[in-house]
Amino acid sequence: MACLGMINLIFYIIIFLFSDLKQFTVTKDGIDIKYLITRKQYHIAYSEILRFKANQRKIYHKVEKNLGYQELEIHLIDDEVIVINGGQFKNYDELKECIYLNRNNTL
């Protein structure tokens, strides 16, 4: 059983190391995204956003199902999709609301 726990720990560490840690800044004219590991930065203007899609992700732990977390998919005009994971941001709800409000004010 301890071996299984160690395998899970290693798996989560690998996911953490290879995931893109992102910082989002919502501005009046778009969204600034900064990738913390690769240091890439770019700006998405609200006019480049086609639509939003919010998905509820379920988490299963043993036999019970938790509510999980929400993901916001931002679909862009160049077929790119930016995903904001609610499980990674403490201020996910505020971030999502600011994006919605600012985009609607620029249309």
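FYI, side chains are in, hydrogens and waters are out, and symmetry mates aren't considered; it's all heavy atoms of this structure.
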About how many Å separate CG of N102 and CD of E97, when rounded to the nearest 0.5 Å? 10.0 Å
Taking atom CD of E48 and atom CD1 of I82, what is their separation to the nearest 0.5 Å? 10.0 Å
Test side chain to side chain contact (heavy atoms under 4.5 Å, CB included) on I74 and I31; report intermediate values, then the result. CA-CA 11 Å; I74 303 171; I31 306 165; 4.0 Å; yes
Roughly how far apart are K22 NZ and Q41 CD, rounded to 0.5 Å? 14.5 Å
If you compare all heavy atoms of I77 against all heavy atoms of S47, which two are closest, and at what distance to 0.1 Å? CG2-O, 4.3 Å
If we only count heavy atoms from C-beta on, is the L72 to V83 side-chain gap below 4.5 Å? no
Counting only heavy atoms not in E73, do more than 12 fall under 6.0 Å of its CD? yes
Enter the distance from E71:CD to Q88:CD here, rounded to the nearest 0.5 Å. 8.5 Å
With under 30° as parallel and over 60° as perpendicular, where do the rings of Y100 and F52 fit, or are they tilted in between? perpendicular
Check for me, please, whether L95 and Y42 land in the same ILVMFWY cluster - side-chain distances under 4.5 Å, paths through other members count. yes
Do other residues, nucleotides or ligands put more than 12 heavy atoms under 6.0 Å from D79 CG? no
Euclidean distance, K34 NZ relative to T25 OG1, rounded to 0.5 Å: 8.5 Å
Sequence neighbours excluded, the answer for side-chain contact (heavy atoms from CB on, under 4.5 Å) partners of D93 is none
Side-chain touch Q70/K96, heavy atoms, less than 4.5 angstrom: yes
Roughly how far, to the nearest 0.5 Å, is the OG1 atom of T27 from the CG atom of D32? 5.0 Å
Does N91 reach the side chain of F24, with side-chain heavy atoms less than 4.5 Å apart? no
Shortest non-hydrogen separation from Y46 to V26 and the atoms involved: OH-CG1, 3.1 Å
